[in-house]
Amino acid sequence: MQKEYSGSRQIVFVLKVTIIFFGYIFIINHFYIKVFTPSFMPKPDHIVNDFASYYVASKLLLQGEIPYRSLDKHRTIELSSDEMQNWDINKKIIPAYIYPTFLAAVISPLTKLPFNQARFIWELFCLVTFFGVVGFTFFLLGKQIKFDFTSLIIIGVFFASMPTLETITQGQINYQILLLILLAFYFQKQNKPILGGILLGIATLIKVSPIIMLLYFLYKKDFKFIQSFMIFLILSLSLLYILFPNVDFTFISSVLPSISSIPSLNNKAISVWWQYLFLDNEYINPVIISPITAKIFTITTAIAILIITYILFFKGRKNTSDSNPKKLLLEYVVLILSLMLLQPYLEIHHLVFSFIAIAFIVNFYSNQKAQILEITLLIISFILINGRGYNSFEKLGAHWYSIFISNPQIIGLIILLSLLFRIYKRHFA
């Protein structure tokens, strides 16, 4: 009887999420047109999104080449006529592959299919992962999905946002990474550090930035977790080099430095502020042209973020948090936001990582008396995270302060951190 009851609850849970999901899709026509239609109504002139770069990278890897072929410093890649025909890709110029080689190797079985079929399977996988993140977020918050105001707000944050729209339409891997990061936290909390370390290891091999999450487990002195993480990385990389002898260090030596050191409207990272000010670019006149100065400011900013975060949320407070599930989750969410602020390349779709913080704050306020100011700041933060700011240089001119308006997402993340600190100070200090 207990199993049947649990099964029925799971079915009800899935139905609730599905109904609310389709409610948002059909109510918000903009989201419906850009996400649902391109993904599930195949057309002869199929859309090429970021999955195409994963697909091509895997194809090149299987052919004994490196996956980082590019025309313009790892921004785009040009396919030959034979490649377009053999792989069934209808665009000659597609986004260049800028991930570690591990991802291209892992999806190689999928890329043995024609591009159209592989893309359809990938997008189904992305959608399943997306639902997984939403459901698991509620699970970590200790909240059941109901048709109450708080649940609808949290689900709306995930479903009706620009970062989610871009992640799904582009076939990005952000929700898969977020799910791996959340699962790593969950299994560590369940005294299964080996499994947690492996999951965080997979996330790091796909996209280097999740390695920053090791700081949390180092803070907790969970050396079994760190050990399993390191062993998994070493074994996986060793196997990668055995299976694909053509793998080299291009990603570390060329790709990562290139994409993180060129001012770009797509890159919303804090490091871009210093790139605009100290590197030659097409948007504003630099104060001085000095790559060394840009690197110094970038490194100094990263160190300052880590120090400030540690002092505000972690220093001397380990013992008080070990027995409090909400405090444990708050600390982990803080580090996820710090990851957003620290990574050198931050596009809008990467900001799906911030939704766990918004969900935490909204759910916390549903059980506490929140001030109007805090709710207002939360709304402003969500608006900024969903903003592009692309036209700030064009409308305001090539002034230094246009930099900050062009990157409103950073300000939104900082507001989220300040709200988390207010929650910490009021309820956990």
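The model shown is predicted, which means the values in this text are computed figures rather than measured ones. All values below were derived from every heavy atom in this structure, side-chain atoms included, with hydrogens, water molecules and symmetry-related copies excluded.
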CZ on Phe353 to CD1 on Ile181, rounded to 0.5 Å: 4.5 Å
Crowding at CD1, Ile372 (>12 non-hydrogen neighbours, <6.0 Å): no
Close side-chain approach of Val56 and Leu60, heavy atoms under 4.5 Å: yes
Salt bridge (charged side-chain N to carboxylate O under 4.0 Å, His left out) partners of Lys143, counting only residues at least two apart: Asp148
Ring geometry between Tyr216 and Tyr332 (parallel below 30°, tilted from 30 to 60°, perpendicular above 60°): perpendicular
Where Ala359 and Thr137 come nearest, the two heavy atoms and their spacing: CB-CG2, 3.8 Å
N/O donor-acceptor pair under 3.5 Å between Ser70 side chain and Thr76 backbone: yes
Sidechain-backbone polar pair: Thr129 side chain, Phe125 backbone, donor-acceptor under 3.5 Å: yes
Lys192, NZ atom: more than 12 neighbouring heavy atoms under 6.0 Å: no
Residue pair Phe158 / Ile356: nearest heavy atoms and the distance that separates them: CZ-N, 4.5 Å
Nearest-0.5 Å distance that lies between atom CG in Asp222 and atom CD in Gln227: 10.5 Å
Qualifying residue for salt bridge (Lys or Arg N to Asp or Glu O under 4.0 Å) with Glu83, from Arg69, Lys59, Lys91: Arg69
Set of salt bridge (charged side-chain N to carboxylate O under 4.0 Å, His left out) partners for Lys425, sequence neighbours left out: none
Side-chain donor/acceptor of Tyr68 to backbone N/O of Thr101, under 3.5 Å: yes
Beyond-backbone contact of Asn363 with Phe138, side-chain heavy atoms, under 4.5 angstrom: no
Least distance between heavy atoms, Asp50 atom then Pro95 atom: OD1-CG, 3.9 Å
Test item: Trp122 side-chain N/O and Phe51 main-chain N/O as donor-acceptor pair under 3.5 Å: no
Residue of the set Glu166, Lys207, Lys268 for which side-chain hydrogen bond (donor to acceptor under 3.5 Å, both in side chains) holds with His350: Lys207
Straight-line distance of Leu341 CG to Ser271 OG, nearest 0.5 Å: 11.0 Å
Distance-minimising heavy-atom pair for Ala294 and Thr298: O-OG1, 2.8 Å
Plane angle bin for Phe313 and Phe421 - parallel if under 30°, tilted between 30 and 60°, otherwise perpendicular: perpendicular
CG/Leu373: more than 12 non-hydrogen atoms of other groups inside 6.0 Å: yes
Heavy-atom pair of closest approach, residues Ile177 and Ala203: CD1-O, 3.7 Å
Stepwise ring pair (Phe, Tyr, Trp, His ring centres under 6.0 Å) test for Tyr186 and Phe136: CA-CA 10 Å; Tyr186 170 74; Phe136 198 63; 5.6 Å; yes
Parallel, tilted or perpendicular: rings of Tyr175 and Phe130 (30°, 60°): perpendicular
Step-by-step side chain to side chain contact (heavy atoms under 4.5 Å, CB included) determination, Leu61 to Asn246: CA-CA 8 Å; Leu61 197 64; Asn246 51 308; 3.6 Å; yes
Option from Leu384, Leu378, Ile379 for which side chain to side chain contact (heavy atoms under 4.5 Å, CB included) with Ile415 holds: Leu384
Leu306 side chain reached by Leu215 side chain, heavy atoms, under 4.5 Å: yes
Donor + acceptor pair across side chains of Tyr97, Ser58 (<3.5 Å): no
Ser254 side-chain N/O to Thr250 backbone N/O, donor-acceptor pair under 3.5 Å: no
Tyr365 and Thr150: CA distance, side-chain angles, deciding distance, side chain to side chain donor-acceptor pair (under 3.5 Å) verdict: CA-CA 9 Å; Tyr365 283 168; Thr150 304; over 6 Å; no
Residue list, salt bridge (charged side-chain N to carboxylate O under 4.0 Å, His left out) with Glu347, at least two apart or on another chain: none
Within-4.5 Å side-chain heavy-atom neighbours: Pro100 and Val208: yes
Pro193 backbone acceptor or donor facing Ser228 side chain under 3.5 Å: yes
Audit row: Leu416, Ile385, side chain to side chain contact (heavy atoms under 4.5 Å, CB included) steps and yes/no: CA-CA 10 Å; Leu416 284 183; Ile385 285 173; 3.8 Å; yes
Side chain proximity check, Val157 to Thr164, heavy atoms < 4.5 angstrom: no
Within 6.0 angstrom of Lys92 NZ, more than 12 heavy atoms from elsewhere: yes
Steps toward side chain to side chain contact (heavy atoms under 4.5 Å, CB included) verdict (Leu182, Ile336): CA-CA 10 Å; Leu182 295 178; Ile336 290 176; 4.2 Å; yes
Atom CD of Gln85 with >12 non-hydrogen neighbours under 6.0 angstrom: no
Residue pair Val352 / Phe355, side-chain heavy-atom distance below 4.5 Å: yes
Min side-chain heavy-atom separation Ile107-Tyr55 under 4.5 Å: no
Interatomic distance, Ser366 atom OG to Ile154 atom CD1 [nearest 0.5 angstrom]: 7.0 Å
Rounded distance (nearest 0.5 Å) linking atom CD1 of Ile173 with atom SG of Cys126: 7.5 Å
Main-chain N/O of Met162 paired with Asn386 side-chain donor or acceptor, under 3.5 Å: yes
Criterion ring pair (Phe, Tyr, Trp, His ring centres under 6.0 Å) on Phe187 and Phe225, from CA distance to verdict: CA-CA 10 Å; Phe187 283 114; Phe225 184 101; over 10 Å; no
Separation between CD1 of Ile121 and CD of Gln117, rounded to the nearest 0.5 Å: 7.0 Å
Nearest heavy-atom neighbours spanning Leu312 and Tyr424: O-CE2, 3.6 Å
Derivation and outcome, side chain to side chain contact (heavy atoms under 4.5 Å, CB included), residues Thr204 and Met213: CA-CA 9 Å; Thr204 302; Met213 305 308 296; over 6 Å; no
Side-chain heavy-atom pair Ser209, Leu339 within 4.5 angstrom cut-off: yes
Pair Ser80-Asp82, side-chain donor/acceptor within less than 3.5 Å: no
